[in-house]
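For the numbers below, each heavy atom of this structure counts, side chains included, while hydrogens, waters and symmetry mates do not. A quick note: this is a predicted structure, and the numbers were derived from the prediction, not measured.
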Amino acid sequence: MRWSQYFIPTLREDPADAEVISHKLLLRAGVVRQLSAGIYSYLPLGQRIALKVMQILREEMNAVGGQEFYLPALHPAEIWQESGRWSAIGDEMFRLKDRKGMDMCLGMTHEEVFTAIARNELRSYKQLPQVWYQIQIKFRDEPRPKSGLMRLRTFIMKDAYTFDVDWEGLDKSFIDQREAYKKIFARCGVQFSIVEASSGSMGGSESNEFVARTDAGEDFIATCTSCDYAANLEKATSRLPKIEDETGPDAPEEFPTPGVRTIEDLARAPYLVAANQQIKTLVYVATIEGESRPVLALLRGDHPLHEVKFADAIGATAVRPAHPEEIRDLLGASAGSLGAVNAKENARATKQQLIIVADQGLKDRRNMTTGANKDDHHIRGVNLERDIEVDQWADLRTVESGEACPRCDSGTLEVFKAMEIGHIFKLGTKYSDSMGAHVLTADGKSVPIVMGSYGIGVERIITAAIEQNHDADGIIWPKSITPFDVIVTITNIKDEKLREAGEKLYQDLQRAGLEVLLDDRDERAGVKFKDADLIGIPYRITVGKKIADETVELFDRRAKQSEDVKLVDIVKRVQTLALSQP
RNA sequence: CGGGGCGUGGCUCAGCCUGGUAGAGCGCACGGUUCGGGACCGUGAGGUCGGAGGUUCGAAUCCUCUCGCCCCGACCA
């Protein structure tokens with residue numbers, strides 16, 4: 001393409017609406033433009049990039065036996081009612097009515113549509129396994145679209161579905177997909193981790209989440225430095241060094257602690273109670289089975305609570321810290337002097353039922369110090385077993401960087417931010433059961449098809465690729481998804497010699513099978529260099545003064561280094577570089 | 001849905017507090033000088049100040065309502 005006629009509206013300044021790096025660069029490089037919150041148009045550069053990503057997805061899906069479909073984005077409510085998700089999903093689904101008043105929706109995903117095809121057409125185990133996929137637009141009315149292409153309301157997704165006659169088949173299909181996913185992300189130049197994840201409302205037994213490390217991400221991930229342990233912080237655990245407590249007094253002893261409000265206060269002189277010798281008592285109000293209930297969360301003094309773990313542990317749909325009045329009403333003291341010893345009695349006195357959940361890290365601890373439920377007083381010599389009525393032991397603690405890996409002996413955990421880029425699920429028979437997709441087995445029995453579902457967000461890959469591959473000057477596209485392999489920059493378009501040499505190079509490179517962008521604009525060289533860096537083409541050939549010596553410059557965008565190359569060698573040179581991986 | 005911020009030429013912003021009829025830089029058009037890391041000079045085009053209502057002789061500016069966008073939280077297969 002000739003830049004002079006190609007639409008690449010680059011921006012010199014950061015747009016006011018963009019916060020994260022990938023968002024700024026996508027806009028500045030003329031890749032996309034925003035239409036509305038969470039809705040973006042792909043400009044020509046963006047379309048080329050998306051097509052590259054989609055082609056990689058297609059190749060790797062085909063490589064594991066995938067067959068590409070193209071399904072409707074507009075669905076009748078009926079199939080969603082059959083699967084039960086019409087009512088299970090809330091405002092996140094775009095719903096509408098047709099002219100006759102029939103309920104319809106815009107597809108957020110395609111389990112229902114694929115299952116509807118499967119139930120009509122798949123009859124026998126002999127037809128299985130099937131691996132079906134499509135690359136299609138999806139609609140989700142996100143409560144909060146954000147960060148450019150990271151959280152969108154309409155986006156492109158590669159979604160694949162596998163159909164097996166039994167669970168063993170699904171296990172194999174699942175592994176095939178997981179391996180394909182590894183290749184896809186590696187090919188796209190995205191560093192990723194695979195983490196255990198919960199299936200959520202998708203249903204099913206097992207799921208793996210693929211995440212890309214970036215500070216723009218929304219999840220926290222813990223990975224082991226030496227083994228392959230990786231988990232979302234909502235699930236991650238770690239190994240703690242065992243603490244041997246001294247035998248304390250036969251019963252807890254109360255002592256005055258005027259002005260002491262925090263764990264740190266009590267750790268200082270004159271008290272000198274180490275944080276890990278203290279019990280942290282947090283009062284929450286949890287919604288359990290629709291009812292609000294007070295719950296005490298107990299942790300070691302130096303351990304932070306993870307609210308999602310906490311909510312999961314007690315089966316709550318929501319948790320919130322209790323208000324100061326609620327705390328005083330419940331325990332008779334204010335935050336800073338709270339404890340679980342005798343807390344149940346205190347609560348009963350006000351006719352409240354209190355649940356006490358303690359973190360595993362407190363198991364078997366003795367001679368601990370905690371609040372006395374009396375302002376400005378604490379008690380010491382508390383033995384968990386003996387002195388506190390714990391209803392439930394659970395993993396409530398937030399794992400931190402540097403702690404020991406729970407799976408291997410030598411590794412430590414590293415915690416970082418990441419974004420979800422893919423998710424694979426073993427669905428099982430959730431959809432085949434509810435929608436009646438059955439096949440006959442070899443011995444003539446009718447069984448529900450065992451399904452898997454596998455999704456990758458195209459925009460998420462693009463976002464992750466930029467987040468992980470950029471510098472102060474702009475994007476640095478991985479070669480696999482770059483909109484152009486090479487850009488030919490003619491430093492001065494009015495110089496006939498340069499122009500001719502550039503044009504010839506443009507033709508020659510294209511003939512060699514490369515995708516070439518020719519910067520033939522009537523701009524100063526500096527502007528062209530800045531723009532080339534910004535849009536991130538991996539290689540730039542500068543056609544300038546050295547053309548007198550039959551020489552051009554080859555600039556490596558990533559290494560930021562250039563070398564002189566003779567005109568006779570340049571095509572071969574670039575061909576070798578640009579078509580090599582990564 | 002809760003909290004915060006912002007809507008003024010294509011872009012980035014000033015003006016608003018203290019009402020007097022709209023500005024700068026970039027970009028764009030034309031002319032000239034430049035020409036290897038976002039040049040310079042001159043001339044010019046381009047804005048219902050998000051929208052509606054109100055107060056006022058007069059509203060970008062004050063008041064009310066409303067729409068949109070961004071950020072934090074909640075939420076999120």
Take A:Q130 and A:Q67, measure what side chain to side chain donor-acceptor pair (under 3.5 Å) needs, and give me the verdict at the end.
CA-CA 8 Å; A:Q130 289 286 327; A:Q67 304 165 69; 2.7 Å; yes

For the NZ atom on A:K566, are there more than 12 heavy atoms of other groups (residues, nucleotides or ligands in this structure) within a distance under 6.0 Å?
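Counting other residues, nucleotides and ligands, NZ of A:K566 exceeds 12 neighbours.
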
Judged by each residue's nearest nucleotide on RNA chain B, which is more toward the 5′ side, A:G526 or A:Y40?
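Nearest nucleotide further toward 5': that of A:G526.
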
How do A:Q34 and A:P143 order along RNA chain B: which one's closest nucleotide is nearer the 5' end?
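Final value for this comparison: A:Q34.
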
Return the nucleotide paired to [N]: Watson-Crick means purine N1 to pyrimidine N3 with N6-O4 or O6-N4, wobble means G-U with N1-O2 and O6-N3, both under 3.5 Å.
N	result
B:A24	B:U12
B:G47	none
B:C30	B:G42
B:C1	B:G73
B:G37	none

Compute the centroid of each ring, for A:F185 and then for A:F210, and state whether the two points are separated by less than 6.0 Å.
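Judged by ring-centre distance (under 6.0 Å), A:F185 and A:F210 do meet the cut-off.
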
Sort me out a list of protein N/O and nucleotides 29-34 of chain B N/O pairs below 3.5 Å, or just none if empty.
residue	atom	partner	partner atom	Å
B:U34	O2	A:R524	NH1	2.6

The side chain of [X] is closest to which nucleotide in this list: [options]?
X	options	value
A:T491	B:C28, B:G36, B:C69	B:G36
A:D533	B:G37, B:C75, B:G38	B:G37
A:E142	B:C76, B:A39, B:G36	B:C76
A:S147	B:C28, B:G36, B:C71	B:C71

Determine the Euclidean distance between corresponding [atom1] atoms of [M] and [N]; express it in Å to zero decimal places.
N	M	atom1	result
B:U12	B:A74	C1'	33 Å
B:A59	B:C49	P	11 Å
B:C65	B:C41	P	48 Å
B:C16	B:C62	P	9 Å

To the nearest 0.5 Å, how far apart are CD in A:E142 and CE in A:M150?
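One finds 11.0 Å between CD of A:E142 and CE of A:M150.
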
What is the ring orientation for A:W132 with A:F69, classed by angle as parallel under 30°, tilted 30 to 60°, or perpendicular over 60°?
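It falls in the tilted class, 30° to 60°.
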
Pair A:F555, A:Y539 - check ring-ring contact (aromatic ring centres under 6.0 Å, His included), show working.
CA-CA 6 Å; A:F555 178 76; A:Y539 297 100; 9.4 Å; no

Base of [N], side chain of [X] - is there a donor-acceptor contact under 3.5 Å?
X	N	answer
A:R28	B:G38	yes
A:E553	B:G36	yes
A:R540	B:G37	yes
A:N492	B:G36	no

Verify the distance criterion only: is there a donor paired with an acceptor across the side chains of A:H23 and A:Y40 at less than 3.5 Å?
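Checked: A:H23/A:Y40 side chains pair up, N/O donor to acceptor below 3.5 Å.
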
Going by atom types only, do A:T551 and A:D564 share a side-chain donor-acceptor pair under 3.5 Å?
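Side chains of A:T551 and A:D564: no pair found under 3.5 Å.
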
Less than 4.0 Å between a side-chain N and a carboxylate O, is that true for [Y] and [X]?
X	Y	answer
A:R499	A:E496	no
A:K426	A:D171	yes
A:D473	A:R557	no

Would you tell me if any nitrogen or oxygen in the side chain of A:R12 comes within less than 4.0 Å of OP1 or OP2 on B:G27?
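The answer is yes; a side-chain N or O of A:R12 sits under 4.0 Å from OP1 or OP2.
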
Any side-chain N or O of A:S36 less than 4.0 Å from the OP1 or OP2 oxygen of B:C69?
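Indeed, a polar side-chain atom of A:S36 lies that close.
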
Contact string for nucleotides 4-11 of chain B, one letter per nucleotide 5' to 3', B = base within protein heavy-atom range under 4.0 Å, S = sugar-phosphate only, - = neither, reads --------

